[in-house]
4 protein chains.
Amino acid sequence: MSSSPPSRGRPRDPRSHEAIIRATAELMVEVGYAATSIGAVAARAGVGKDTIYRRWPGKPELVFEAVFTTTDDLPPPDTGTLAGDLTVLLQGLVDEFRAPAAAAALPGLLADFAADPELRARIRGDFLAPSKARLLVVFERAVLRGEIAGETPVDLVLDTLAGAVFFHIGLIGEHPDQELAALLAAVVAKGIEVR
Amino acid sequence: MSSSPPSRGRPRDPRSHEAIIRATAELMVEVGYAATSIGAVAARAGVGKDTIYRRWPGKPELVFEAVFTTTDDLPPPDTGTLAGDLTVLLQGLVDEFRAPAAAAALPGLLADFAADPELRARIRGDFLAPSKARLLVVFERAVLRGEIAGETPVDLVLDTLAGAVFFHIGLIGEHPDQELAALLAAVVAKGIEVR
Amino acid sequence: MSSSPPSRGRPRDPRSHEAIIRATAELMVEVGYAATSIGAVAARAGVGKDTIYRRWPGKPELVFEAVFTTTDDLPPPDTGTLAGDLTVLLQGLVDEFRAPAAAAALPGLLADFAADPELRARIRGDFLAPSKARLLVVFERAVLRGEIAGETPVDLVLDTLAGAVFFHIGLIGEHPDQELAALLAAVVAKGIEVR
Amino acid sequence: MSSSPPSRGRPRDPRSHEAIIRATAELMVEVGYAATSIGAVAARAGVGKDTIYRRWPGKPELVFEAVFTTTDDLPPPDTGTLAGDLTVLLQGLVDEFRAPAAAAALPGLLADFAADPELRARIRGDFLAPSKARLLVVFERAVLRGEIAGETPVDLVLDTLAGAVFFHIGLIGEHPDQELAALLAAVVAKGIEVR
DNA sequence: GTTTAATCGAGACGGTACGTCAGGTCTTCTC
DNA sequence: GAGAAGACCTGACGTACCGTCTCGATTAAAC
């Protein structure tokens, strides 16, 4: 289908790619997003700076790829109730935001994304897309069960869930309570239910 | 109690203070948080860099003061219902986050605050404190009216409200709908009501 | 004579050679010696960088070959007088140093040659050798005519002639006067004549 | 006369200036002109790169000042004969070109000067000016003594003398013979004498 | 006719230097 | 002592070349 490029010249070394990603993730945990420089990543990965700039336009894109490796092909949760489904979904967000590299990277990363018009679009496009797909399925089932109305605003609910977790854990640095996900899920589920 | 400083030598010029604040707010709107440097602020304010560093430890503190001037001594809303009160409260947050200087500053500013342990504490301490005070009163009245339970977690609800608005408007840059505050308030109020 | 190489594998394409030389000479005139990079030569010649490095060790050697193509098999001048012979010889040097590509290349080229011990020897060995051969014949005839002594220091005279022309034209960029060669020749001839 | 600037702000530290000059001269001798980078000079001088760029536009100007410190206010030679005067003058050139730092710097330095139109003018303007002043006096005296004609081309003679020494010593790297200056002076003096 | 090997264009690779800019401190003179 | 000015050291930026390497594809001579 998509005609792969003729692949002229020396192909890029996948070991460089991997070393860069690993070095980035390590530095993120050790010194944080702001103190991580492309040069330091290159040095730790044993790689030239060009080798990084050849693959990523800048630090935000590199860190994004390094930190969010989780291929979110988890199936949408199906617990039988909206609150249950939201709990599973939220627990996923909590786990994602709490991972050391992600926690260290998120505030600075999102700030850089927000500052660039082109990257800003990718927050919803790339970052939230997997969650949105799962949330859509959850909502469809809830509509069929008669729990919520058909026109429930998915984007706004997702922004609220993600925003709550990000603010609570990412920014303020609160250690997440065991039932945080369940608590938030209950509130939101009850809030959007038809009755 | 606080021993007034000995006040030897030339006193600080309040006009410098004002010029710095104004220059900072202007630059925030014109070039954004990341592209605003202390040197540029000094140049525009017609001030030496030291005059800035003498008053603020760094860019985050300066910008925080420059952008959030609104002395939040508004009285807590009292519309008669929890949903009504939350709507007023949320509308305040939306307006605050939507102001040009604040919108331009917030993501980078919060990222810098989150990166520094000392500043991180000020997010809840200084940034959210006024809203929390008002929310506490709102909650007290709602408890008296029997709308919510007494042990409703104020901090978590506030994080959720602020997070939702910040993510929706600050990060993603969504133009806030006219009824955004009312919609969010309705969901959250319904979500935390006892019945 | 020279043991022909075993010549296994694909032979070198003479068209690449020619294209490289041409591209080098063009770039020399257009952007100068310092701003000419091997990569730029390769790109303009439609050739890989290795194809250049396979033939020349570096920029100095490449430029030297590209710029000094003049196969100096001119016969030694024989005008009947030392001054006349030197005039012809000097005019040759002037013409050589004044050619656009040579004028653009010479200062940087000689600097690179001077900086490398191995290349430094080639200044006298390759660069000045043809002129020296002709000057030797001119001197022999002048000795026979009794114009100069037998022990006249050829190398020093040649350095002086070349140095004068290089400094005057190559470095300072003086537009050569019509009689420059004759004038210099007259001074030097008179200076080394026995009486 | 020249109104000294009002001198606002912190004055430039003369110790930085001196340290930079010294570091440059040392590196010139140790690694040569081409291998000397501004960054290396800064590191050795214990100085930031900006401190160098604040004072000099680039490497050529810096090296020029670092290497040619000799305040050429020597009085013009006056030995009684043109050949004698030229010998003294040439010996000065030989000594200048033979100094370790100068010998290492000259070819690359002159190449960089020749490559930039603005700097090119300074070769005659700054570099040769002191020698030219002295040569003019020498010529005046020689004219009064009737040794040479009044219209002897000073610039051309100076280019020849400087070119000969530069080519012989600077480029080819010949160890200068004890009588080199006297020999060249004799040839040139004889060459331009009226009889 | 098949191996074998060097060459080709292309471009990735680890380095090094570039010249600029910001951070935060210091040092001068002036008020 | 505060203030404006600007020098100072540090360190990161993103780009450009360096000379080497690794691809797949040619192109001949050797087998």
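Just so we're on the same page: letters track the sequence lines, and every chain starts at 1.
For D50(A) against dC17(F), a side-chain N or O and a base N or O form a donor-acceptor pair under 3.5 Å. Not a single donor-acceptor contact under 3.5 angstrom links the side-chain atoms of R8(D) to the base of dC29(E). Judged by distance alone, with hydrogens and angles left aside, K49(B) brings a side-chain donor or acceptor within reach of the base of dG24(E), the pair sitting under 3.5 Å.
Between E65(B) and R55(B) there is no salt bridge, since none of the side-chain N atoms of the basic residue sits less than 4.0 Å from a carboxylate O of the acidic one.
Each of G48(C) and R54(A) was assigned the nucleotide of DNA chain E with the nearest heavy atom; the assignment lying further toward the 5' end belongs to G48(C). Along DNA chain E, the nucleotide nearest to I38(B) and the one nearest to G46(C) differ in position, and the one closer to the 5' end is contacted by G46(C). Checking R10(C) against A40(C), the closest nucleotide of DNA chain F that is more toward the 5' end is the one next to A40(C). The nearest heavy atom of DNA chain F to D13(D) and to S16(B) marks one nucleotide each, and the one closer to the 5' end goes with S16(B).
Side chain of T24(A) to main chain of I20(A): a donor-acceptor pair is present (N/O by atom type, distance under 3.5 Å, no hydrogens or angles).
The side chain of T51(D) contributes no N or O atom lying less than 4.0 Å from OP1 or OP2 of dT10(F). A close approach under 4.0 Å does occur between a side-chain nitrogen or oxygen of S37(D) and OP1 or OP2 of dC18(E).
Residue contacts shown for R15(B) are absent, as no nucleic acid heavy atom lies under 4.0 Å away. G58(B) comes within 4.0 angstrom of nothing in the nucleic acid, heavy atoms only.
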List the steps and the verdict of ring-ring contact (aromatic ring centres under 6.0 Å, His included) for F64(B) and F113(B).
CA-CA 10 Å; F64(B) 177 70; F113(B) 268 74; 5.7 Å; yes
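Between W56(C) and H17(C), the two ring planes are tilted [angle within 30° to 60°].
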